[in-house]
Amino acid sequence: MRVILNPRHAAHSPPHEVDNGTLTPPCDVPGRLAAIRAALGRRSGFTFEDAPPIAEGAVTALHDPAYVAYLREASAGLRPGQAVYPSVFPYGPAPRVRGGKALRGAYCFDTFTPITAGTFAAALGGAAAAVRAADLIAAGERAVYVLTRPPGHHAERDRCGGYSYLNNAALAADRLSRLGKVAVLDLDVHHGNGTQHLFYDRADVLTASIHGDPARLFPYFSGFDDETGTGPGLGFNRNFPLPPVTDRDYDPVLAAAVELVGRFRPAFLVVAFGADAHADDPIGGFALPTEYFGEMGAAVRRLGLPTAVVQEGGYNLDVLGGCVAAFLESLAADG
Ligand code: Q9C
Ligand code: ZN
């Protein structure tokens, strides 16, 4: 399987996150990518290539150009080691955005997702990897893996959050949607709010996400099962919120989500893949064993669809690579 790397990922290495008023160590660290790269390198069947660069115009079809410009300019204004966080978020009946502090809150929905000097370069490199994967799938590859960070599935049209700045999986899906219907299956333990948001009114892209119940897990405000789309997109978004479960209770839900994808009859599939539903993940709370990620890969393989897999979360460096390898090896298996 071809693995498309984000060559700029390490430019984004936030010094910390802010949680409940406290500086905490960052979860999305460069070592995540290195751990996955090493695990795949120990196995046969994976080839690695850097994504060729893309122009900013490749992401402004989906993301708000003013938001993308904000990310670029905010990054450009920082020295190494600096990070900017929002302190005030939009409020009132007609919030207006005039100055820097308003921009920070208008374009970001949490305090976990700082902008640093290298953030824009890293995010654009991830988008480039997703675009490259989509083009390879469109050209006839059966399965391609996008190995990138920062993640993307929480990024909405004009807002970063949840460690995500540009929505890599959505960019791949949107690109493929020019050629046929696309399904996005989100297996990260957190709801893919950004992807849902970007396609909420579209019938040509089905979005399905299995995740921790937002009543108790990030991103808290979305991912409930009554969010099903709007306008022409009504019925083309499906959420499967779960309490913290083991593989036994996850499995029937995975089967239901996969069946939903199959019934949609897409030409292409994009998997937003996270390993943070693993039992040992520090923030997910779920209880899946490493081997079960192989079952997930097998379930996706049985759909028989050309598939781009895009890396999202997964924060235990000791198990992350094994989960990714198990998923991809099953996805690529014969038969
Ligand atoms: N300090 C993804 O998995 N919660 N994003 C942080 C711990 C934010 C997860 C709380 C979780 C964001 C792509
Ligand atoms: Zn996650």
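Under a 3.5 Å cut-off, the side chain of Asn237 and the backbone N or O of Tyr200 do not form any donor-acceptor pair. Thr119 places no side-chain N or O within 3.5 Å of a backbone atom of Ala117 that could act as its donor or acceptor partner. Under the 3.5 Å distance criterion, the side-chain polar atoms of Glu329 are left unmatched by any main-chain donor or acceptor of Ala326. Checking side-chain atoms of Thr113 against main-chain N and O of Gly162 turns up a donor-acceptor pair under 3.5 Å. Distance alone, capped at 3.5 Å, places no donor-acceptor pair between the Asn168 side chain and the Ala130 backbone. Side chain of Asn193 to backbone of Ser222: no donor-acceptor contact under 3.5 angstrom is found. No donor-acceptor pair closer than 3.5 Å links the side chain of Thr116 to the backbone N or O of Gln82. Side-chain atoms of Arg238 never come within 3.5 Å of backbone atoms of Thr228 as a donor-acceptor pair (strictly under, hydrogens ignored). With Asp201 contributing its side chain and Gly233 its backbone, the two residues share no donor-acceptor pair below 3.5 Å.
Atoms CG and OG, from Leu124 and Ser75 in turn, are 10.5 Å apart once rounded to the nearest 0.5 Å. Atom CZ of Phe264 is separated from atom CG of Leu303 by 12.5 Å, given to the nearest 0.5 angstrom. For the atom pair CG of Leu328 and CZ of Arg301, the computed distance is 12.5 Å after rounding to the nearest 0.5 Å.
The cationic atom of Arg2 (NZ for Lys, CZ for Arg) does not lie both less than 6.0 Å from the six-membered ring centre of Tyr145 and within 45° of the ring axis. Cation-pi geometry between Lys181 and Phe268 is not satisfied (NZ or CZ under 6.0 Å from the ring centre, within 45° of the ring normal).
Ring pair Tyr163/Tyr315 is perpendicular by interplanar angle, where above 60° counts as perpendicular and below 30° as parallel. The aromatic rings of Phe273 and Phe327 are tilted relative to each other, their planes meeting at an angle between 30° and 60°. Ring orientation note: the planes of Tyr107 and Tyr67 are tilted relative to one another, at an angle of 30° to 60°.
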Check against side chain to side chain contact (heavy atoms under 4.5 Å, CB included), Ile210 and Tyr250: CA-CA 9 Å; Ile210 307 172; Tyr250 193 100; 3.7 Å; yes
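Counting all heavy atoms, side chain and backbone alike, Ala169 lies closest to Glu312 at CB-OE2, 3.9 Å. Heavy atoms only, all atoms of each residue included: Pro282 and Asn316 are closest at CD-N, 3.7 Å. Scanning both residues, Asp213 and Pro241, for their nearest heavy atoms gives CA-CB, 3.9 Å. In terms of heavy-atom proximity, Asp204 sits nearest to Ser177 at OD2-CB, 3.8 Å.
Checked against a 6.0 Å centroid threshold, the rings of Tyr165 and His12 count as neighbours. Phe236 and Phe199 have their aromatic ring centers separated by at least 6.0 angstrom.
Between the side chains of His63 and Arg157, no donor-acceptor pair is found at a separation under 3.5 Å.
Under the 4.5 Å side-chain heavy-atom criterion for grouping Ile, Leu, Val, Met, Phe, Trp and Tyr, Leu185 is connected to Phe286 within one hydrophobic cluster. Hydrophobic clustering (side-chain heavy atoms under 4.5 Å, transitive across Ile, Leu, Val, Met, Phe, Trp, Tyr) keeps Val144 apart from Val300.
With Gln196 as the fixed residue, the side-chain hydrogen bond (donor to acceptor under 3.5 Å, both in side chains) test singles out one of His153, Glu227, Glu156: Glu227.
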